Protein chains: 2
Amino acid sequence: MTKLDLVYQDLKQKIDTGVYATDTLLPSENALASLYGASRDTIRKALAKLRDQGFIQSQKGRGSVVINRQQYVFPVSGVISYKELSQRLNFKTTTTMIENTQMPLPIANFKAVDPHAKPCTTTRLVRLREVNGEPVIIDIDYINGDVVPAISKAVAEDSLYAYFEGQLHLTIAYAKKEITVEPATAQDQQLLHLDANASVVVVKSVTSLEDTTAFQYTESRHRADRFRFQEFARRA
Amino acid sequence: MTKLDLVYQDLKQKIDTGVYATDTLLPSENALASLYGASRDTIRKALAKLRDQGFIQSQKGRGSVVINRQQYVFPVSGVISYKELSQRLNFKTTTTMIENTQMPLPIANFKAVDPHAKPCTTTRLVRLREVNGEPVIIDIDYINGDVVPAISKAVAEDSLYAYFEGQLHLTIAYAKKEITVEPATAQDQQLLHLDANASVVVVKSVTSLEDTTAFQYTESRHRADRFRFQEFARRA
DNA sequence: CAGTGGTCTAGACCACCAC
DNA sequence: TGGTGGTCTAGACCACTGG
(Lines give C-alpha, C1' and ligand atoms only; values in the text may rest on other atoms or scores of the structure.)
Protein backbone atom coordinates (compact mmCIF):
# COMPACT_ATOMS: atom_id res chain seq x y z
CA MET A 1 0.00 0.00 0.00
CA THR A 2 1.50 3.31 -1.03
CA LYS A 3 1.18 6.44 1.07
CA LEU A 4 -0.96 7.95 -1.66
CA ASP A 5 -3.44 5.07 -1.40
CA LEU A 6 -3.44 5.18 2.40
CA VAL A 7 -4.49 8.82 2.29
CA TYR A 8 -7.00 8.14 -0.48
CA GLN A 9 -8.58 5.15 1.30
CA ASP A 10 -8.75 6.98 4.61
CA LEU A 11 -10.36 10.08 3.14
CA LYS A 12 -12.77 7.96 1.11
CA GLN A 13 -13.75 5.99 4.18
CA LYS A 14 -14.26 9.18 6.20
CA ILE A 15 -16.48 10.55 3.43
CA ASP A 16 -18.45 7.31 3.22
CA THR A 17 -19.06 7.23 6.95
CA GLY A 18 -19.98 10.89 7.15
CA VAL A 19 -16.95 12.09 9.13
CA TYR A 20 -16.64 14.54 6.27
CA ALA A 21 -20.26 15.29 5.41
CA THR A 22 -21.69 16.18 2.00
CA ASP A 23 -21.49 19.90 1.18
CA THR A 24 -18.79 20.58 3.77
CA LEU A 25 -15.14 21.42 3.16
CA LEU A 26 -12.29 18.97 3.65
CA PRO A 27 -9.30 20.25 5.67
CA SER A 28 -6.92 22.25 3.49
CA GLU A 29 -4.14 20.52 1.59
CA ASN A 30 -1.53 21.85 3.97
CA ALA A 31 -3.56 20.68 6.96
CA LEU A 32 -3.93 17.20 5.44
CA ALA A 33 -0.20 17.11 4.71
CA SER A 34 0.53 17.70 8.40
CA LEU A 35 -2.19 15.26 9.49
CA TYR A 36 -0.85 12.39 7.40
CA GLY A 37 2.81 13.32 7.62
CA ALA A 38 2.96 13.52 3.83
CA SER A 39 4.04 16.17 1.37
CA ARG A 40 1.42 18.41 -0.14
CA ASP A 41 2.04 16.78 -3.51
CA THR A 42 1.12 13.34 -2.22
CA ILE A 43 -2.05 14.76 -0.65
CA ARG A 44 -2.90 16.44 -3.96
CA LYS A 45 -2.59 13.12 -5.79
CA ALA A 46 -4.99 11.50 -3.35
CA LEU A 47 -7.42 14.40 -3.77
CA ALA A 48 -7.12 14.11 -7.55
CA LYS A 49 -8.22 10.50 -7.27
CA LEU A 50 -11.21 11.46 -5.12
CA ARG A 51 -12.06 14.14 -7.67
CA ASP A 52 -11.95 11.68 -10.55
CA GLN A 53 -14.23 9.29 -8.70
CA GLY A 54 -16.74 12.02 -7.99
CA PHE A 55 -16.31 12.35 -4.25
CA ILE A 56 -15.14 15.95 -4.10
CA GLN A 57 -15.04 19.14 -6.11
CA SER A 58 -12.15 21.55 -5.54
CA GLN A 59 -12.46 25.30 -5.73
CA LYS A 60 -9.58 27.73 -5.96
CA GLY A 61 -9.33 29.95 -2.90
CA ARG A 62 -11.99 28.03 -0.99
CA GLY A 63 -11.21 24.36 -0.57
CA SER A 64 -12.45 20.90 -1.54
CA VAL A 65 -16.17 20.22 -1.11
CA VAL A 66 -17.62 16.76 -0.52
CA ILE A 67 -20.25 16.31 -3.23
CA ASN A 68 -21.34 12.75 -3.37
CA ARG A 69 -21.81 9.74 -1.21
CA GLN A 70 -20.84 7.28 -3.95
CA GLN A 71 -23.64 4.88 -4.76
CA TYR A 72 -23.11 1.85 -6.87
CA VAL A 73 -26.02 0.65 -8.93
CA PHE A 74 -24.54 -1.05 -11.89
CA PRO A 75 -21.08 0.17 -12.73
CA VAL A 76 -20.40 -1.16 -16.17
CA SER A 77 -18.02 1.69 -15.65
CA GLY A 78 -14.81 0.53 -14.04
CA VAL A 79 -13.20 -2.80 -14.47
CA ILE A 80 -14.88 -4.86 -11.81
CA SER A 81 -16.03 -8.44 -11.61
CA TYR A 82 -19.58 -9.60 -11.07
CA LYS A 83 -18.56 -11.12 -7.76
CA GLU A 84 -16.99 -7.92 -6.47
CA LEU A 85 -20.10 -6.05 -7.56
CA SER A 86 -22.64 -8.35 -5.95
CA GLN A 87 -20.67 -8.37 -2.70
CA ARG A 88 -20.66 -4.60 -2.63
CA LEU A 89 -24.41 -4.46 -3.22
CA ASN A 90 -25.29 -7.34 -0.91
CA PHE A 91 -27.15 -9.15 -3.65
CA LYS A 92 -28.13 -12.76 -3.24
CA THR A 93 -26.69 -14.10 -6.46
CA THR A 94 -25.96 -17.47 -7.97
CA THR A 95 -23.89 -18.28 -11.03
CA THR A 96 -24.55 -21.40 -13.09
CA MET A 97 -22.11 -22.67 -15.71
CA ILE A 98 -23.96 -23.61 -18.88
CA GLU A 99 -21.05 -24.31 -21.21
CA ASN A 100 -17.25 -24.71 -21.01
CA THR A 101 -15.56 -25.50 -24.32
CA GLN A 102 -12.44 -24.71 -26.36
CA MET A 103 -12.82 -22.74 -29.59
CA PRO A 104 -11.18 -20.04 -31.72
CA LEU A 105 -11.99 -16.44 -30.81
CA PRO A 106 -15.03 -15.21 -32.81
CA ILE A 107 -13.20 -12.11 -34.00
CA ALA A 108 -16.05 -10.66 -36.05
CA ASN A 109 -18.29 -10.61 -32.99
CA PHE A 110 -15.93 -8.25 -31.20
CA LYS A 111 -14.91 -6.12 -34.16
CA ALA A 112 -16.70 -3.05 -32.77
CA VAL A 113 -14.89 -3.14 -29.45
CA ASP A 114 -11.49 -4.40 -30.68
CA PRO A 115 -10.91 -3.86 -34.40
CA HIS A 116 -7.43 -5.38 -34.19
CA ALA A 117 -8.25 -8.62 -32.39
CA LYS A 118 -5.85 -11.41 -33.30
CA PRO A 119 -6.79 -15.07 -33.81
CA CYS A 120 -6.24 -17.29 -30.80
CA THR A 121 -7.74 -20.33 -29.17
CA THR A 122 -9.98 -19.61 -26.22
CA THR A 123 -11.98 -21.16 -23.46
CA ARG A 124 -15.62 -20.35 -24.11
CA LEU A 125 -17.62 -20.00 -20.92
CA VAL A 126 -21.37 -19.45 -20.81
CA ARG A 127 -22.77 -18.60 -17.40
CA LEU A 128 -26.20 -17.60 -16.13
CA ARG A 129 -26.40 -15.02 -13.33
CA GLU A 130 -29.45 -15.01 -11.07
CA VAL A 131 -30.42 -12.38 -8.51
CA ASN A 132 -32.95 -13.48 -5.89
CA GLY A 133 -33.72 -16.55 -7.95
CA GLU A 134 -34.47 -14.51 -11.05
CA PRO A 135 -32.28 -14.97 -14.16
CA VAL A 136 -30.89 -11.56 -15.12
CA ILE A 137 -27.67 -11.88 -17.11
CA ILE A 138 -26.04 -14.33 -19.52
CA ASP A 139 -22.25 -13.95 -19.57
CA ILE A 140 -20.41 -15.36 -22.55
CA ASP A 141 -16.64 -15.25 -22.03
CA TYR A 142 -13.79 -16.08 -24.38
CA ILE A 143 -10.54 -16.38 -22.44
CA ASN A 144 -7.23 -16.35 -24.29
CA GLY A 145 -5.70 -19.85 -24.17
CA ASP A 146 -2.17 -18.44 -24.35
CA VAL A 147 -2.69 -16.68 -21.02
CA VAL A 148 -5.06 -19.00 -19.15
CA PRO A 149 -4.87 -22.75 -19.83
CA ALA A 150 -8.27 -24.08 -18.69
CA ILE A 151 -10.92 -23.13 -16.17
CA SER A 152 -12.65 -25.41 -13.70
CA LYS A 153 -16.37 -25.35 -13.01
CA ALA A 154 -15.67 -24.28 -9.42
CA VAL A 155 -13.71 -21.23 -10.59
CA ALA A 156 -16.27 -20.35 -13.25
CA GLU A 157 -19.09 -20.38 -10.71
CA ASP A 158 -17.10 -18.39 -8.16
CA SER A 159 -15.00 -15.54 -9.56
CA LEU A 160 -12.76 -15.43 -12.63
CA TYR A 161 -11.06 -12.22 -11.49
CA ALA A 162 -10.14 -13.63 -8.09
CA TYR A 163 -8.62 -16.61 -9.94
CA PHE A 164 -6.76 -14.52 -12.49
CA GLU A 165 -5.32 -12.10 -9.95
CA GLY A 166 -5.02 -14.27 -6.86
CA GLN A 167 -3.91 -17.58 -8.36
CA LEU A 168 -2.37 -16.76 -11.73
CA HIS A 169 -0.99 -13.37 -10.62
CA LEU A 170 -2.15 -11.63 -13.77
CA THR A 171 -2.24 -7.84 -13.62
CA ILE A 172 -5.48 -6.61 -15.12
CA ALA A 173 -4.94 -3.08 -16.42
CA TYR A 174 -7.84 -1.79 -18.52
CA ALA A 175 -10.91 -2.64 -20.54
CA LYS A 176 -12.91 -1.29 -23.46
CA LYS A 177 -16.67 -1.70 -23.31
CA GLU A 178 -19.61 -1.19 -25.62
CA ILE A 179 -23.30 -1.08 -24.78
CA THR A 180 -26.00 -1.72 -27.38
CA VAL A 181 -29.59 -2.99 -27.42
CA GLU A 182 -30.45 -6.04 -29.51
CA PRO A 183 -33.44 -8.33 -30.06
CA ALA A 184 -33.40 -11.33 -27.76
CA THR A 185 -32.07 -14.54 -29.29
CA ALA A 186 -33.74 -17.91 -28.75
CA GLN A 187 -31.23 -18.64 -25.97
CA ASP A 188 -31.89 -15.25 -24.34
CA GLN A 189 -35.63 -15.91 -24.42
CA GLN A 190 -35.23 -19.32 -22.90
CA LEU A 191 -32.68 -18.58 -20.17
CA LEU A 192 -33.91 -15.10 -19.20
CA HIS A 193 -37.64 -15.95 -19.52
CA LEU A 194 -38.37 -13.36 -22.21
CA ASP A 195 -41.06 -12.91 -24.85
CA ALA A 196 -40.32 -13.39 -28.53
CA ASN A 197 -40.23 -9.65 -29.28
CA ALA A 198 -38.20 -8.65 -26.22
CA SER A 199 -34.87 -6.80 -26.26
CA VAL A 200 -31.70 -7.38 -24.28
CA VAL A 201 -28.90 -4.96 -23.38
CA VAL A 202 -25.60 -6.29 -24.73
CA VAL A 203 -22.34 -5.23 -23.07
CA LYS A 204 -19.29 -6.36 -25.02
CA SER A 205 -15.87 -5.86 -23.49
CA VAL A 206 -12.20 -6.60 -24.06
CA THR A 207 -10.00 -6.72 -21.01
CA SER A 208 -6.22 -6.32 -21.23
CA LEU A 209 -3.25 -6.96 -19.00
CA GLU A 210 -0.50 -4.54 -18.01
CA ASP A 211 1.61 -5.77 -20.93
CA THR A 212 -1.31 -4.83 -23.25
CA THR A 213 -2.29 -8.44 -24.02
CA ALA A 214 -6.02 -8.69 -24.68
CA PHE A 215 -6.89 -11.80 -22.71
CA GLN A 216 -10.64 -11.74 -22.04
CA TYR A 217 -13.49 -11.06 -24.43
CA THR A 218 -16.93 -10.93 -22.83
CA GLU A 219 -20.45 -10.59 -24.15
CA SER A 220 -22.87 -9.87 -21.33
CA ARG A 221 -26.56 -10.09 -22.17
CA HIS A 222 -28.88 -8.36 -19.71
CA ARG A 223 -32.65 -8.39 -19.25
CA ALA A 224 -33.44 -4.86 -20.47
CA ASP A 225 -35.94 -4.23 -17.68
CA ARG A 226 -33.32 -5.02 -15.03
CA PHE A 227 -30.47 -3.08 -16.58
CA ARG A 228 -29.24 0.12 -15.03
CA PHE A 229 -25.91 1.87 -15.48
CA GLN A 230 -24.62 4.93 -13.68
CA GLU A 231 -21.49 6.93 -14.15
CA PHE A 232 -19.73 10.06 -13.09
CA ALA A 233 -17.87 12.17 -15.63
CA ARG A 234 -15.86 15.38 -15.64
CA ARG A 235 -15.85 18.09 -18.27
CA ALA A 236 -12.79 18.36 -20.53
CA MET B 1 -3.08 26.86 -21.87
CA THR B 2 -0.91 25.31 -19.20
CA LYS B 3 2.35 23.59 -20.00
CA LEU B 4 0.79 20.32 -18.89
CA ASP B 5 -1.98 20.70 -21.49
CA LEU B 6 0.45 21.74 -24.19
CA VAL B 7 2.39 18.54 -23.69
CA TYR B 8 -0.81 16.50 -23.45
CA GLN B 9 -2.33 17.99 -26.61
CA ASP B 10 0.87 17.61 -28.57
CA LEU B 11 1.38 13.98 -27.58
CA LYS B 12 -2.28 13.19 -28.22
CA GLN B 13 -2.10 14.79 -31.65
CA LYS B 14 1.08 12.86 -32.47
CA ILE B 15 -0.61 9.64 -31.43
CA ASP B 16 -3.73 10.44 -33.47
CA THR B 17 -1.71 11.19 -36.58
CA GLY B 18 0.50 8.15 -36.19
CA VAL B 19 3.76 9.94 -35.40
CA TYR B 20 3.75 7.64 -32.41
CA ALA B 21 2.26 4.42 -33.79
CA THR B 22 0.15 1.87 -31.96
CA ASP B 23 2.19 -0.76 -30.13
CA THR B 24 5.36 1.34 -30.13
CA LEU B 25 7.03 3.05 -27.18
CA LEU B 26 6.87 6.77 -26.49
CA PRO B 27 10.19 8.50 -25.74
CA SER B 28 11.14 8.11 -22.09
CA GLU B 29 9.92 10.59 -19.50
CA ASN B 30 13.37 12.13 -19.22
CA ALA B 31 13.62 12.46 -22.99
CA LEU B 32 10.21 14.13 -23.14
CA ALA B 33 11.20 16.47 -20.32
CA SER B 34 14.18 17.66 -22.38
CA LEU B 35 12.11 17.82 -25.57
CA TYR B 36 9.43 20.05 -24.08
CA GLY B 37 11.68 21.93 -21.68
CA ALA B 38 9.52 20.78 -18.79
CA SER B 39 10.19 18.98 -15.54
CA ARG B 40 9.71 15.24 -15.41
CA ASP B 41 6.77 15.76 -13.07
CA THR B 42 4.90 17.88 -15.59
CA ILE B 43 5.53 15.25 -18.26
CA ARG B 44 4.25 12.57 -15.92
CA LYS B 45 1.02 14.50 -15.38
CA ALA B 46 0.47 14.71 -19.12
CA LEU B 47 1.17 10.98 -19.46
CA ALA B 48 -1.26 10.26 -16.61
CA LYS B 49 -3.94 12.06 -18.58
CA LEU B 50 -3.19 10.04 -21.70
CA ARG B 51 -3.31 6.89 -19.58
CA ASP B 52 -6.72 7.78 -18.15
CA GLN B 53 -8.08 8.42 -21.62
CA GLY B 54 -6.86 5.08 -22.89
CA PHE B 55 -4.11 6.27 -25.23
CA ILE B 56 -1.14 4.65 -23.54
CA GLN B 57 -0.21 1.93 -21.07
CA SER B 58 2.94 2.40 -18.99
CA GLN B 59 5.24 -0.42 -17.95
CA LYS B 60 7.90 -0.23 -15.27
CA GLY B 61 11.37 -0.66 -16.66
CA ARG B 62 10.19 -0.55 -20.27
CA GLY B 63 8.30 2.59 -21.19
CA SER B 64 4.87 3.81 -22.26
CA VAL B 65 3.16 1.91 -25.08
CA VAL B 66 0.61 3.48 -27.43
CA ILE B 67 -2.44 1.23 -27.23
CA ASN B 68 -5.37 2.88 -28.86
CA ARG B 69 -6.24 5.24 -31.62
CA GLN B 70 -9.20 6.78 -29.81
CA GLN B 71 -12.48 6.28 -31.61
CA TYR B 72 -15.62 8.10 -30.65
CA VAL B 73 -18.89 6.39 -31.26
CA PHE B 74 -21.31 7.69 -28.73
CA PRO B 75 -19.62 8.91 -25.60
CA VAL B 76 -22.36 9.19 -23.03
CA SER B 77 -19.14 9.02 -21.13
CA GLY B 78 -17.64 12.44 -20.67
CA VAL B 79 -19.48 15.68 -20.33
CA ILE B 80 -19.93 16.76 -23.90
CA SER B 81 -22.69 18.49 -25.80
CA TYR B 82 -24.59 17.06 -28.73
CA LYS B 83 -23.15 19.76 -30.96
CA GLU B 84 -19.54 19.00 -29.99
CA LEU B 85 -20.24 15.32 -30.56
CA SER B 86 -21.81 15.67 -33.98
CA GLN B 87 -18.99 17.95 -35.12
CA ARG B 88 -16.43 15.40 -34.04
CA LEU B 89 -18.24 12.62 -35.89
CA ASN B 90 -19.10 14.67 -38.97
CA PHE B 91 -22.77 13.86 -38.65
CA LYS B 92 -25.33 15.79 -40.63
CA THR B 93 -27.65 16.72 -37.81
CA THR B 94 -30.56 19.03 -37.23
CA THR B 95 -32.14 20.05 -33.95
CA THR B 96 -35.77 21.11 -33.75
CA MET B 97 -37.24 22.82 -30.72
CA ILE B 98 -40.59 21.27 -29.81
CA GLU B 99 -41.31 23.01 -26.52
CA ASN B 100 -39.91 25.88 -24.43
CA THR B 101 -41.78 26.55 -21.18
CA GLN B 102 -41.23 27.49 -17.55
CA MET B 103 -42.07 24.95 -14.86
CA PRO B 104 -40.88 23.58 -11.51
CA LEU B 105 -38.22 20.86 -11.65
CA PRO B 106 -39.88 17.40 -11.70
CA ILE B 107 -37.76 16.16 -8.80
CA ALA B 108 -39.20 12.65 -8.65
CA ASN B 109 -38.21 12.02 -12.26
CA PHE B 110 -34.54 12.55 -11.41
CA LYS B 111 -34.53 10.89 -8.00
CA ALA B 112 -32.33 8.04 -9.23
CA VAL B 113 -29.61 10.30 -10.56
CA ASP B 114 -29.85 13.06 -7.92
CA PRO B 115 -31.52 11.95 -4.69
CA HIS B 116 -31.01 15.39 -3.12
CA ALA B 117 -32.39 17.58 -5.88
CA LYS B 118 -33.89 20.81 -4.55
CA PRO B 119 -37.04 22.51 -5.83
CA CYS B 120 -36.45 25.30 -8.33
CA THR B 121 -38.10 26.84 -11.33
CA THR B 122 -36.72 25.73 -14.66
CA THR B 123 -36.88 26.27 -18.35
CA ARG B 124 -38.22 23.06 -19.88
CA LEU B 125 -36.84 22.45 -23.36
CA VAL B 126 -37.92 19.60 -25.60
CA ARG B 127 -35.81 19.11 -28.71
CA LEU B 128 -35.75 16.50 -31.46
CA ARG B 129 -32.38 15.45 -32.90
CA GLU B 130 -32.22 14.07 -36.41
CA VAL B 131 -29.28 12.41 -38.13
CA ASN B 132 -29.45 12.23 -41.92
CA GLY B 133 -33.10 13.18 -41.78
CA GLU B 134 -33.92 10.35 -39.40
CA PRO B 135 -35.25 11.20 -35.90
CA VAL B 136 -32.98 9.55 -33.36
CA ILE B 137 -33.11 11.35 -30.00
CA ILE B 138 -35.59 13.37 -27.95
CA ASP B 139 -33.80 15.64 -25.46
CA ILE B 140 -35.85 16.94 -22.55
CA ASP B 141 -33.91 19.56 -20.56
CA TYR B 142 -34.76 21.32 -17.33
CA ILE B 143 -32.44 24.28 -16.80
CA ASN B 144 -32.22 25.93 -13.40
CA GLY B 145 -33.87 29.37 -13.56
CA ASP B 146 -31.59 30.72 -10.82
CA VAL B 147 -28.57 30.18 -13.06
CA VAL B 148 -29.95 30.73 -16.57
CA PRO B 149 -32.83 33.19 -17.05
CA ALA B 150 -34.39 32.15 -20.36
CA ILE B 151 -33.30 30.51 -23.57
CA SER B 152 -34.01 31.63 -27.10
CA LYS B 153 -35.04 29.30 -29.90
CA ALA B 154 -31.84 30.10 -31.76
CA VAL B 155 -29.68 29.01 -28.81
CA ALA B 156 -31.78 25.89 -28.21
CA GLU B 157 -31.39 24.80 -31.82
CA ASP B 158 -27.65 25.54 -31.86
CA SER B 159 -25.75 24.60 -28.71
CA LEU B 160 -26.67 25.11 -25.06
CA TYR B 161 -23.11 24.42 -23.91
CA ALA B 162 -21.58 27.02 -26.20
CA TYR B 163 -24.11 29.50 -24.79
CA PHE B 164 -23.51 28.54 -21.16
CA GLU B 165 -19.74 28.63 -21.43
CA GLY B 166 -19.16 31.23 -24.12
CA GLN B 167 -21.87 33.78 -23.28
CA LEU B 168 -22.76 33.22 -19.63
CA HIS B 169 -19.23 32.19 -18.61
CA LEU B 170 -20.46 29.28 -16.53
CA THR B 171 -17.85 26.68 -15.62
CA ILE B 172 -19.28 23.23 -16.18
CA ALA B 173 -17.48 20.80 -13.88
CA TYR B 174 -19.08 17.36 -13.78
CA ALA B 175 -22.17 15.26 -14.44
CA LYS B 176 -23.86 12.15 -13.15
CA LYS B 177 -25.60 9.95 -15.70
CA GLU B 178 -27.86 6.94 -15.68
CA ILE B 179 -28.79 4.65 -18.54
CA THR B 180 -31.91 2.50 -18.52
CA VAL B 181 -34.25 0.94 -21.07
CA GLU B 182 -37.95 1.82 -20.98
CA PRO B 183 -41.05 1.18 -23.09
CA ALA B 184 -41.62 3.95 -25.64
CA THR B 185 -44.20 6.56 -24.63
CA ALA B 186 -46.80 7.88 -27.04
CA GLN B 187 -44.57 10.91 -27.72
CA ASP B 188 -41.57 8.62 -28.33
CA GLN B 189 -43.56 6.55 -30.78
CA GLN B 190 -44.77 9.59 -32.65
CA LEU B 191 -41.54 11.60 -32.83
CA LEU B 192 -39.10 8.71 -33.28
CA HIS B 193 -41.39 6.68 -35.61
CA LEU B 194 -41.60 3.64 -33.35
CA ASP B 195 -44.02 0.73 -32.93
CA ALA B 196 -46.31 0.48 -29.94
CA ASN B 197 -44.24 -2.24 -28.25
CA ALA B 198 -40.82 -0.64 -28.93
CA SER B 199 -38.25 0.32 -26.30
CA VAL B 200 -36.13 3.43 -25.94
CA VAL B 201 -32.81 3.94 -24.18
CA VAL B 202 -33.18 6.66 -21.54
CA VAL B 203 -30.13 8.61 -20.43
CA LYS B 204 -30.84 10.85 -17.44
CA SER B 205 -28.17 13.25 -16.29
CA VAL B 206 -27.53 16.04 -13.82
CA THR B 207 -24.83 18.52 -14.73
CA SER B 208 -23.15 20.71 -12.10
CA LEU B 209 -20.99 23.80 -12.06
CA GLU B 210 -17.62 24.28 -10.37
CA ASP B 211 -19.39 25.64 -7.28
CA THR B 212 -21.37 22.35 -7.17
CA THR B 213 -24.68 23.94 -8.25
CA ALA B 214 -26.79 21.41 -10.14
CA PHE B 215 -28.02 23.54 -13.02
CA GLN B 216 -29.11 21.19 -15.83
CA TYR B 217 -31.29 18.10 -15.65
CA THR B 218 -31.60 16.19 -18.90
CA GLU B 219 -33.63 13.21 -20.02
CA SER B 220 -32.38 11.94 -23.36
CA ARG B 221 -34.57 9.35 -25.09
CA HIS B 222 -32.81 7.37 -27.83
CA ARG B 223 -34.09 4.99 -30.50
CA ALA B 224 -32.80 1.70 -29.07
CA ASP B 225 -31.67 0.39 -32.46
CA ARG B 226 -29.50 3.48 -33.00
CA PHE B 227 -27.97 3.62 -29.54
CA ARG B 228 -24.37 2.73 -28.96
CA PHE B 229 -22.11 3.65 -26.09
CA GLN B 230 -18.41 2.95 -25.69
CA GLU B 231 -16.07 3.56 -22.82
CA PHE B 232 -12.56 2.94 -21.60
CA ALA B 233 -11.96 2.00 -17.97
CA ARG B 234 -8.99 1.18 -15.78
CA ARG B 235 -8.79 -1.40 -13.04
CA ALA B 236 -8.75 -0.17 -9.42
C1' DC C 1 -5.10 40.59 3.66
C1' DA C 2 -4.15 35.62 4.81
C1' DG C 3 -5.29 31.23 3.21
C1' DT C 4 -6.65 28.21 -0.51
C1' DG C 5 -6.03 25.32 -4.53
C1' DG C 6 -3.36 25.24 -9.37
C1' DT C 7 1.02 24.87 -11.58
C1' DC C 8 5.82 23.88 -11.97
C1' DT C 9 10.44 22.62 -10.59
C1' DA C 10 14.70 19.76 -9.10
C1' DG C 11 16.12 16.11 -6.86
C1' DA C 12 15.95 11.68 -4.42
C1' DC C 13 15.27 6.63 -3.89
C1' DC C 14 13.00 2.42 -5.37
C1' DA C 15 11.52 -1.76 -8.30
C1' DC C 16 11.64 -3.46 -12.56
C1' DC C 17 13.24 -4.61 -17.40
C1' DA C 18 16.45 -5.46 -20.98
C1' DC C 19 20.96 -6.17 -22.37
C1' DT D 1 24.30 -2.53 -15.09
C1' DG D 2 22.02 1.43 -17.04
C1' DG D 3 17.69 3.15 -18.16
C1' DT D 4 12.78 3.04 -17.25
C1' DG D 5 8.57 4.21 -14.79
C1' DG D 6 6.57 4.66 -9.65
C1' DT D 7 6.70 7.16 -5.42
C1' DC D 8 7.77 10.95 -2.46
C1' DT D 9 9.64 15.31 -0.93
C1' DA D 10 10.39 20.54 -0.23
C1' DG D 11 9.91 24.63 -2.04
C1' DA D 12 8.40 28.23 -5.22
C1' DC D 13 5.09 31.38 -7.54
C1' DC D 14 0.41 32.28 -9.14
C1' DA D 15 -4.83 33.29 -9.13
C1' DC D 16 -8.47 33.17 -6.57
C1' DT D 17 -11.69 33.43 -2.37
C1' DG D 18 -13.14 35.20 1.78
C1' DG D 19 -13.47 38.37 5.49
Side-chain angles (χ1 to χ4, degrees), chain A residues 1-11 20 23-52 55-67 169-174 208-213 234-236, chain B residues 1-11 20 23-52 55-67 169-174 208-213 234-236:
Chain A
M1 196 69 127
T2 64
K3 191 176 279 195
L4 190 169
D5 275 320
L6 282 174
V7 175
Y8 167 75
Q9 293 294 348
D10 192 66
L11 287 175
Y20 297 131
D23 287 333
T24 64
L25 290 174
L26 249 42
S28 77
E29 297 180 350
N30 284 319
L32 290 172
S34 306
L35 260 173
Y36 290 101
S39 71
R40 187 177 158 220
D41 201 59
T42 301
I43 298 296
R44 278 186 61 73
K45 278 169 186 150
L47 293 180
K49 214 165 163 181
L50 290 169
R51 237 182 340 261
D52 286 345
F55 287 98
I56 62 171
Q57 170 66 24
S58 301
Q59 288 160 255
K60 242 189 293 199
R62 228 167 74 85
S64 292
V65 191
V66 178
I67 54 172
H169 301 295
L170 300 176
T171 308
I172 295 164
Y174 57 90
S208 300
L209 302 175
E210 201 178 24
D211 68 2
T212 75
T213 311
R234 294 202 158 269
R235 172 87 169 144
Chain B
M1 197 68 125
T2 64
K3 191 177 278 196
L4 190 168
D5 275 321
L6 282 174
V7 175
Y8 167 75
Q9 293 294 349
D10 192 66
L11 287 175
Y20 297 131
D23 286 332
T24 64
L25 291 174
L26 250 43
S28 77
E29 297 179 350
N30 284 318
L32 290 172
S34 305
L35 260 173
Y36 290 101
S39 71
R40 187 178 159 221
D41 201 59
T42 300
I43 298 296
R44 278 186 61 72
K45 279 168 187 153
L47 293 180
K49 213 165 164 180
L50 290 169
R51 231 175 353 253
D52 287 344
F55 287 99
I56 63 172
Q57 170 67 24
S58 302
Q59 288 159 254
K60 245 190 293 200
R62 228 168 74 85
S64 292
V65 192
V66 178
I67 53 172
H169 302 295
L170 300 176
T171 308
I172 295 164
Y174 57 90
S208 301
L209 303 175
E210 201 180 24
D211 68 2
T212 74
T213 311
R234 293 203 158 268
R235 172 85 169 148

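Small disclaimer: the values here were computed from a predicted structure and weren't measured. Throughout, protein chains are lettered first and strands after them, A, B, ... in sequence-line order, and every chain is numbered starting at 1. Only heavy atoms go into these numbers, but all of them, side chains included; no hydrogens, no water, no symmetry mates.
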J.: Between B/K60 and B/S39, just flag the one whose closest nucleotide in DNA chain C comes earlier from the 5' side.
T.: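 With B/K60 and B/S39 compared, the 5'-side residue is B/S39.
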
J.: How many whole angstroms separate atom CD of A/Q57 from atom C1' of D/dC16?
T.: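 So the CD-C1' distance, A/Q57 to D/dC16, works out to 15 Å.
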
J.: Is A/K3 close enough to D/dT9 that one of its side-chain N or O atoms is under 4.0 Å from OP1 or OP2 there?
T.: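 Answer yes for this pair, as a side-chain N or O of A/K3 is under 4.0 Å from OP1 or OP2.
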
J.: In whole Å, I'd like the distance from the CG atom of B/L25 to the C1' atom of D/dG3.
T.: 12 Å

J.: For A/K45 and C/dC8, what is the distance between atoms NZ and C1' respectively, to the nearest whole Å?
T.: 12 Å

J.: Remember a base hit wins even if backbone is also touched, and classify B/L47 as base, sugar-phosphate or nothing at under 4.0 Å, heavy atoms.
T.: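 Nothing: the residue B/L47, judged by heavy atoms under 4.0 Å, touches no strand.
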
J.: Does C/dT9 have a Watson-Crick or wobble partner in any strand here, with both distances under 3.5 angstrom, and which is it?
T.: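 Answer to the pairing question: D/dA10, which forms a Watson-Crick or G-U pair with C/dT9.
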
J.: Of the non-hydrogen atoms in A/R51 and A/S58, which two are nearest, and what is the gap between them?
T.: NH1-OG, 2.7 Å

J.: Does A/L6 reach the side chain of A/Y36, with side-chain heavy atoms less than 4.5 Å apart?
T.: no

J.: Going from CG on A/L35 to CG on A/N30, what distance comes out if it is rounded to the nearest 0.5 angstrom?
T.: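 Between A/L35 CG and A/N30 CG, I get 11.5 Å after rounding to 0.5 Å.
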
J.: What is the distance from CD of A/E29 to C1' of D/dG11, rounded to the nearest Å?
T.: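 Atom CD in A/E29 sits about 15 Å away from atom C1' in D/dG11.
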
J.: Relative to the 5' end of DNA chain C, which residue comes earlier, A/G61 or A/D41, by the nucleotide with the nearest heavy atom?
T.: A/G61

J.: Roughly how many Å is it from CD in B/Q59 to P in C/dA18, rounded to a whole number?
T.: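 It is 8 Å, rounded to the nearest whole Å.
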
J.: In whole Å, what is the span from the CG atom of A/D5 to the C1' atom of D/dT7?
T.: 11 Å

J.: Do A/R40 and C/dG6 share a donor-acceptor pair, side chain to base, under 3.5 Å?
T.: yes

J.: Is any side-chain N or O of A/R44 closer than 4.0 Å to OP1 or OP2 of C/dG6?
T.: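 So the side chain of A/R44 is within the cut-off, an N or O lying under 4.0 Å from OP1 or OP2 of C/dG6.
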
J.: Mapping B/L26 and A/R62 to their closest nucleotides on DNA chain D, which lands nearer the 5' end?
T.: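 Its nucleotide being nearer the 5' end, the pick is B/L26.
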
J.: Just verifying a value: how many Å separate B/T2 OG1 and B/Q9 CD, rounded to the nearest 0.5 Å?
T.: 9.5 Å

J.: Rounded to whole Å, how long is the line connecting atom CG of B/N30 with atom C1' of D/dT4?
T.: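 Rounding to the nearest Å, CG of B/N30 and C1' of D/dT4 are 8 Å apart.
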
J.: Are OP1 or OP2 of C/dT9 and a side-chain N or O of B/T42 less than 4.0 angstrom apart?
T.: yes

J.: Taking NZ, NE, NH1 and NH2 as the nitrogens, is one of them in B/D211 or A/R62 under 4.0 Å from a carboxylate oxygen of the other?
T.: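 Result for this pair is no, no salt bridge flagged.
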
J.: Roughly how many Å is it from CG in A/L32 to P in C/dG6, rounded to a whole number?
T.: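 After rounding, the gap between these two atoms is 13 Å.
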
